[in-house]
K.L.:
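Quick one: the structure is below, questions incoming.
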Amino acid sequence: ITIEDAMAELDAMVGLEPVKEQVRSIAVSIEAARRRAVAGFGNDKPMRHFVFLGPPGTGKTTVARVIGKIFYAFGLLDTPEVVEAQRSDLVGEYLGATAIKTNDLIDSAFGRVLFIDEAYSLVNEGDGQSDRFGAEAVQTLLKRAEDDRENLIIILAGYEKQAEAFLATNPGMGSRFASRIRFPSYSSEELLTLAETQLRGRQESLAVDARPALWRILEEVSRRRIADELGNGRFVRTLLEKAGQARDVRVMGGGGDPQAEDLITIGP
C-alpha cells in the first residue's frame, strides 16, 4: 500500500471535504517529520490518537481505515488493519475484569489502529450513579494510550455533543486525544451521489423516471433535517435495498421470463 493508494481511496469518498483536508494535512505532517529525521533533526515517531466527531453513516470507519493505511505506508504501523471495538469489548462483568479485557483488546491492536465507536458509551452514568466498570476501562485506555503511543493509534468516534461531554469527564482525555476530525452530515446532492455510486457497485440502475422519485425523497430528508437521525449513507443503502426488493417482487410476480434489464433496473 502506498500513500497514493490511501489518498486515492480518500478522494473517492463522496463529500467530506473538511475531513479530506485534515487527513491530507496529517499525511503532509508525517512526511515532514520523516524528512526532519533523515536530516538529523529528531527521530520521534509522529504518532497521534484521534477523535472522530459526527453523525452515523458519514464514513468514519472508512476514514479510520485510510488513516491506518497512511501510517502503515510511512512505516509507522506494522499493518494497515483496523481493530473495531465497542463498550462490550472493553468492559468486563466485574471490577478487575475490565482492566484485563481492555488490556487484551489493546494488545490485539498493537501495531494497528484501534477504532472505538460510540466511545461515550464507556461511561454510562444513569440515575446519578457512577459507572465504575466504564471508568476502569477509560483509565486503562488512557494509560495505554500514553504508554504505547508509539505502537498504535486509538480513534474514538461518536456524535459530537456526546463525545465532547465524554472527553470532558477525565482531564487526561483532552491531551491524549487532541486531534479532532469533524464529519459533516451529507447534503441531498451528496446522498444522491452516494446512491448512484452504490447502484454502480451493485451493477444496478435507475429507470428514467426513478431518479426524480429518489431525488424527491432525498430532498425531503434534507428539508426536514433528518439525515443524521436516519443514518446518512446507511439510510441510502437501506432505501436502495428495499427498492431492489420491491423491484424483485414486481418483476418476478408478473410470471413469465423477465429480461435481464428488468432484473437490475429500479423503478419509481
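Side chains included, hydrogens not; waters and symmetry mates left out as well; all remaining heavy atoms used. The model shown is predicted, which means the values in this text are computed figures rather than measured ones. In this chain, numbering begins with 1 at the start of the sequence shown.
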K.L.:
Under a 4.5 Å cut-off applied to non-hydrogen side-chain atoms, are E241 and R202 in contact?
P.N.:
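When only atoms from C-beta onward are counted, R202 and E241 do touch, with a gap below 4.5 Å.
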K.L.:
Indicate if L114 and I155 have the same hydrophobic cluster label, given that clusters are the connected sets of ILVMFWY residues with side-chain heavy-atom separations under 4.5 angstrom.
P.N.:
no
K.L.:
Is any side-chain heavy atom of V14 closer than 4.5 Å to a side-chain heavy atom of E190?
P.N.:
yes
K.L.:
What residue among L152, L105, D89 forms side chain to side chain contact (heavy atoms under 4.5 Å, CB included) with V83?
P.N.:
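Considering L152, L105, D89, a side chain to side chain contact (heavy atoms under 4.5 Å, CB included) with V83 is found only for L105.
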K.L.:
From S121 OG over to L90 CG, what is the distance, rounded to the nearest 0.5 angstrom?
P.N.:
9.0 Å
K.L.:
At what distance, to the nearest 0.5 angstrom, does CG of L240 lie from CG of L199?
P.N.:
5.0 Å
K.L.:
For A210 and G267, which heavy atoms make the closest approach, and how far apart are they?
P.N.:
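For A210 and G267, the tightest heavy-atom pair comes out as CB-C, 3.6 Å.
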K.L.:
Which pair of heavy atoms, one from R176 and one from A145, lies closest together, and at what distance?
P.N.:
CD-CB, 4.5 Å
K.L.:
Any ring-ring contact (aromatic ring centres under 6.0 Å, His included) pairs touching residues 186-237, not counting sequence neighbours?
P.N.:
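Non-adjacent pairs meeting ring-ring contact (aromatic ring centres under 6.0 Å, His included): zero.
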K.L.:
So which of E9, E81, E84 actually passes side-chain hydrogen bond (donor to acceptor under 3.5 Å, both in side chains) with R65?
P.N.:
E84
K.L.:
Report the residues that fulfil ring pair (Phe, Tyr, Trp, His ring centres under 6.0 Å) with F52, sequence neighbours left out, ordered by chain and then residue number.
P.N.:
F183
K.L.:
Atom CG of D5 and atom CE of M7: how far apart are they, to the nearest 0.5 Å?
P.N.:
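The CE atom of M7 is 11.5 Å from CG of D5, to the nearest 0.5 Å.
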K.L.:
In this structure, would I264 and L214 fall into the same cluster of hydrophobic residues linked by side-chain contacts under 4.5 Å?
P.N.:
no
K.L.:
Is there side-chain contact between V138 and T169, with at least one heavy-atom pair below 4.5 Å?
P.N.:
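The answer is no; the side chains never approach within 4.5 Å.
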K.L.:
Are V51 and S179 packed together at the side-chain level, in the sense that at least one heavy-atom pair is separated by less than 4.5 angstrom?
P.N.:
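No, every pair of side-chain atoms sits at 4.5 Å or beyond.
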K.L.:
Would you kindly confirm whether L122 and I106 end up in one hydrophobic cluster when ILVMFWY residues are joined by side chain heavy atoms under 4.5 Å apart?
P.N.:
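Both belong to a single hydrophobic cluster.
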K.L.:
Is the number of heavy atoms from other residues, nucleotides or ligands under 6.0 Å of E93 CD greater than 12?
P.N.:
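Open: at most 12 neighbouring heavy atoms sit under 6.0 Å from CD of E93.
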K.L.:
With a sphere of 6.0 Å drawn around CD of E21, does it hold more than 12 non-hydrogen atoms of other residues, nucleotides or ligands?
P.N.:
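Incorrect, the count does not exceed 12.
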K.L.:
Can you measure from OG (S108) to CG (N103) and round to the nearest 0.5 angstrom?
P.N.:
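One gets 11.0 Å once the value is rounded to the nearest 0.5 Å.
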K.L.:
Tell me which pairs pass side-chain hydrogen bond (donor to acceptor under 3.5 Å, both in side chains) where either residue lies in residues 245-260, with sequence neighbours left out.
P.N.:
E204-R247
K.L.:
Do any pairs count as a side-chain hydrogen bond (donor to acceptor under 3.5 Å, both in side chains) and have a residue in residues 27-36, sequence neighbours left out, and if so which ones?
P.N.:
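Sorted pair list: E31-R34, E31-R35.
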K.L.:
Can you see which heavy atom on A6 is nearest to which on I70, and at what distance?
P.N.:
CB-CG1, 3.7 Å
K.L.:
With side-chain contact (heavy atoms from CB on, under 4.5 Å) as the test, would you mind laying out the steps for D11 and R24 before giving the verdict?
P.N.:
CA-CA 10 Å; D11 290 335; R24 289 189 196 103; 2.9 Å; yes
K.L.:
List the atom of G233, the atom of Q198, and the distance in Å for their closest heavy-atom pair.
P.N.:
O-NE2, 3.8 Å
K.L.:
Does a side-chain heavy-atom distance below 4.5 Å link R211 with E196?
P.N.:
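Result yes, sub-4.5 Å side-chain heavy-atom pair found.
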K.L.:
Going through the distances and angles, do R182 and E164 end up as a salt bridge (Lys or Arg N to Asp or Glu O under 4.0 Å)?
P.N.:
CA-CA 11 Å; R182 288 177 167 80; E164 291 286 11; 2.9 Å; yes
K.L.:
Indicate, with yes or no, if I67 and L53 share a hydrophobic cluster defined by side-chain heavy-atom contacts under 4.5 Å among Ile, Leu, Val, Met, Phe, Trp and Tyr.
P.N.:
no
K.L.:
Flag the pair T102 / E136 as yes when at least one side-chain heavy-atom distance between them is below 4.5 Å, and no otherwise.
P.N.:
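Counting from C-beta outward, T102 and E136 never come under 4.5 Å.
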K.L.:
Mark yes or no for whether E219, through its side chain, and S188, through its backbone, hold a donor-acceptor pair below 3.5 Å.
P.N.:
no
K.L.:
Rounded to the nearest 0.5 Å, how far does NZ of K60 lie from CG of L16?
P.N.:
10.0 Å
K.L.:
Do L156 and L167 have side chains that approach each other closer than 4.5 Å (heavy atoms only, starting at C-beta)?
P.N.:
yes
K.L.:
Has K101 got a side-chain atom pairing as donor or acceptor with S88's backbone, closer than 3.5 angstrom?
P.N.:
yes
K.L.:
Is any side-chain heavy atom of T98 less than 4.5 Å from a side-chain heavy atom of T140?
P.N.:
no
K.L.:
Using 0.5 Å steps for rounding, measure from the OG atom of S175 to the CG atom of L142.
P.N.:
8.0 Å
K.L.:
Looking at K45 and E150, would you say the former's side chain and the latter's main chain have a donor-acceptor pair under 3.5 Å?
P.N.:
yes
K.L.:
Quick check: is F50 connected to L77 through a chain of hydrophobic side chains (ILVMFWY, heavy atoms under 4.5 Å apart)?
P.N.:
yes
K.L.:
Testing the basics here: between M252 and P258, what is the closest heavy-atom pair and its distance to 0.1 Å?
P.N.:
SD-CG, 3.8 Å
K.L.:
Over all heavy atoms of both residues, which pair between P184 and P18 is shortest? Give the atoms and the distance, please.
P.N.:
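Looks like CG-CD, 4.4 Å.
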K.L.:
Between T58 and N232, does the side-chain hydrogen bond (donor to acceptor under 3.5 Å, both in side chains) criterion hold? Intermediate values first, please.
P.N.:
CA-CA 6 Å; T58 49; N232 288 283; 5.5 Å; no
K.L.:
Identify, with sequence neighbours excluded, every residue that meets salt bridge (Lys or Arg N to Asp or Glu O under 4.0 Å) alongside R144.
P.N.:
D107, D148
K.L.:
Between K20 and M13, is there a donor-acceptor pair closer than 3.5 Å when you use the side chain of the first and the backbone of the second?
P.N.:
yes
K.L.:
Tell me, which pairs form a ring-ring contact (aromatic ring centres under 6.0 Å, His included) where one or both residues lie in residues 133-179, sequence neighbours left out?
P.N.:
H49-F177
